[in-house]
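Below: one structure, written as structure tokens.
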Amino acid sequence: VGQSLSAERLQKAIANNELLLEFQPIVSRQPKALKKLEALVRWQHPVLGRVPPGDFLPMAESDTTTMDALTEWVVGAAVDAYQALAKLGISVPLSVNVSAQNLHDLSLPDRLEQRLRAGGMPARHLCLELTETAAFENAAHTMDILSRVRLKGMELSIDDFGTGYSSLKMLRQMPFSEIKIDRSFVSDATTSRDSRAIVKSIIDLAANMDMACVAEGVETEETADLLEQLGVRDLQGYLIARPMPVAAIPTWLAIWMQGGSVTPRDQT
Ligand code: C2E
Ligand code: MG
Ligand code: MG
């Protein structure tokens, strides 16, 4: 597998269109609304089959050219999906995940803007998700790029929050518009007092800093109820929906809006 999953092979996969995106809804239950779709990349390898991002992203991370090519592909495919949904009357913001590697290039904000313009997608409908560690590796440079992204009207989310080592001071200085609570705290919230306290603190932090707050990895009704009690309304996780191809979104949305329960098992 080592040889077949090189950075070089991944670049070829991008060129050969072996990658695909799935989309996972972020919703509020009260009031019932689809808030956003997060784009998640997959590799349909001709021999190995479906390769999850955890198996090939580390390789891309080690090579800036590959990571830039990957992100460019992801953003392009996300814009295409946005257009496809818009044609069906579904206008919903998208999130894409961006790597620390992508933040080396000062032209990133301009390139994103051009791609959005070409696809007729408003900048405010694109949200970039960055992990804490990615965001704070080189604070001054990161700040420069992120400020440009925000000036262009795109949203910025801090992913897997609580697992990194950022200082609150830095968090305050960075122009994030949203915090995503890491799923490790979310899944433990109903059983662990500590996790519950952490979740509550993150919710308060987001509120005090005028940032939106999303809980990821919501798998049970009990967790969703607790999160809503604690004050997070935007939920993402298998309880709501698994990641799915863009073509499956309209049907999922219709069923979910009607209150039909689509169990995780029905969707795989
Ligand atoms: P992430 O951005 O934190 O994405 C959430 C991950 O959690 C996804 O895994 C998703 O399928 C999974 N997930 C969602 N809900 C639940 C749940 O209720 N329970 C559990 N156990 N898991 C849940 P996935 O798709 O394997 O992605 C893993 C990571 O790979 C992502 O974490 C993200 O950091 C990275 N990634 C995915 N797509 C891209 C991409 O296009 N570019 C970059 N740079 N990174 C990406
Ligand atoms: Mg993410
Ligand atoms: Mg996450």
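All ligand and atom numbering here is 1-based and tracks the order in the structure. Counting from 1, the numbers follow the sequence of the chain as shown. Heavy atoms only: backbone and side chains are in, while hydrogens, waters and symmetry mates are out.
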Closest approach to the Mg ion (ligand 3) by E216, given as the N, O or S atom name:
OE1
Proximity winner for atom 28 (C) of ligand 1, if only heavy atoms of P25, A60, P53 are counted
P53
For the residue pair S187 and E219, confirm or rule out a side-chain donor-acceptor distance under 3.5 Å.
no
Distance flag for atom 4 (O) of ligand 1, protein heavy atom under 4.0 Å
yes
Could you tell me whether atom 39 (C) of ligand 1 has a protein heavy atom closer than 4.0 Å?
yes
When you look for heavy atoms under 4.0 Å from ligand 1, do you find them on the side chain of Q24, its backbone, both, or neither?
side chain
For A206 and A212 the tightest heavy-atom approach is CB-O, 4.1 Å
Kindly give the atom name of the N, O or S atom of D160 closest to the Mg ion (ligand 3).
OD1
Between E18 and the options Q44, R42, R9, the side chain to side chain donor-acceptor pair (under 3.5 Å) test singles out R9
Metal proximity, D182 vs the Mg ion (ligand 3), N/O/S cut-off 2.8 Å:
no
Which of E155, E216, E178 passes salt bridge (Lys or Arg N to Asp or Glu O under 4.0 Å) with K36? Answer is E178
Cut-off 3.5 Å, side chains only: do E129 and S157 have a donor facing an acceptor?
no
What atoms in ligand 1 come closer than 4.0 Å to a heavy atom of G217?
16 (C), 17 (C), 18 (O)
Aromatic rings W43 and H45: how do their planes relate, parallel, tilted or perpendicular, breaks at 30° and 60°?
tilted
Backbone N or O of N102 within a donor-acceptor pair of the D105 side chain at under 3.5 Å?
no
Going by the order shown, which atoms of ligand 1 are within less than 4.0 Å of some heavy atom of V74?
41 (O)
Would you mind running through ligand 1 and noting each atom that sits below 4.0 Å from a heavy atom of E38?
2 (O), 4 (O)
Which part of E22 is near ligand 1, with near meaning a heavy atom under 4.0 Å away: side chain, backbone, both or neither?
neither
Taking heavy atoms and a distance under 4.0 Å, where does T131 meet ligand 1: side chain, backbone, both or neither?
neither
Just let me know how L239 lines up against ligand 1, side chain, backbone, both or neither, with a heavy-atom cut-off below 4.0 Å.
neither
Quick check: does any side chain N or O of S195 sit under 3.5 Å from a backbone N or O of S192, one acting as donor and the other as acceptor?
no
How close do K152 and A123 get, heavy atom to heavy atom, and via which atoms?
O-CB, 3.2 Å
Can you tell me if P243 contacts ligand 1 (heavy atom of the residue under 4.0 Å from the ligand)?
yes
So do L112 and R148 actually touch side chain to side chain, heavy atoms under 4.5 Å?
no
Would you say T131 reaches the Mg ion (ligand 2) with an N/O/S atom under 2.8 Å?
no
If you count the atoms of ligand 1 from 1 in the order shown, which ones are under 4.0 Å from a heavy atom of D159?
1 (P), 2 (O), 3 (O)
Taking all heavy atoms of F23 and all of A78, pick out the closest pair and write down the distance.
CZ-CA, 4.5 Å
N or O pair under 3.5 Å between Y238 and ligand 1
yes
Which angle, to 10 degrees, forms at the Mg ion (ligand 2) with OE1 of E129 on one side and OE2 of E38 on the other?
90°
Residue-ligand contact M67/ligand 1, heavy atom below 4.0 Å
yes
The protein heavy atom nearest to atom 37 (C) of ligand 1 is L40 CD2, 3.7 Å
Polar contact flag, side-chain donor to acceptor under 3.5 angstrom, S184-D182:
yes
Below 4.0 angstrom, counting only protein heavy atoms, does anything approach atom 32 (O) of ligand 1?
no
Among L57, L70, V218, N97, closest by heavy atom to atom 35 (C) of ligand 1 is L57
Closest approach to the Mg ion (ligand 3) by D159, given as the N, O or S atom name:
OD1
Is the closest heavy-atom distance from P52 to ligand 1 below 4.0 Å?
no
T71 and ligand 1 - part of the residue with a heavy-atom distance under 4.0 Å:
neither
Backbone of T223 reached by a side-chain donor or acceptor of T220 within 3.5 Å:
yes
So, does K32 use its side chain to make a donor-acceptor pair with the main chain of V27 at under 3.5 Å?
no
Nearest neighbour of atom 6 (C) of ligand 1 from the list Q236, R183, R242, on a heavy-atom basis:
R183
Would you mind running through ligand 1 and noting each atom that sits below 4.0 Å from a heavy atom of E219?
17 (C), 18 (O), 19 (N), 20 (C), 21 (N)
Counting heavy atoms under 4.0 Å, the part of K180 that contacts ligand 1 is neither
Quick one: do the Q101 and D63 side chains pair a donor with an acceptor below 3.5 Å?
no
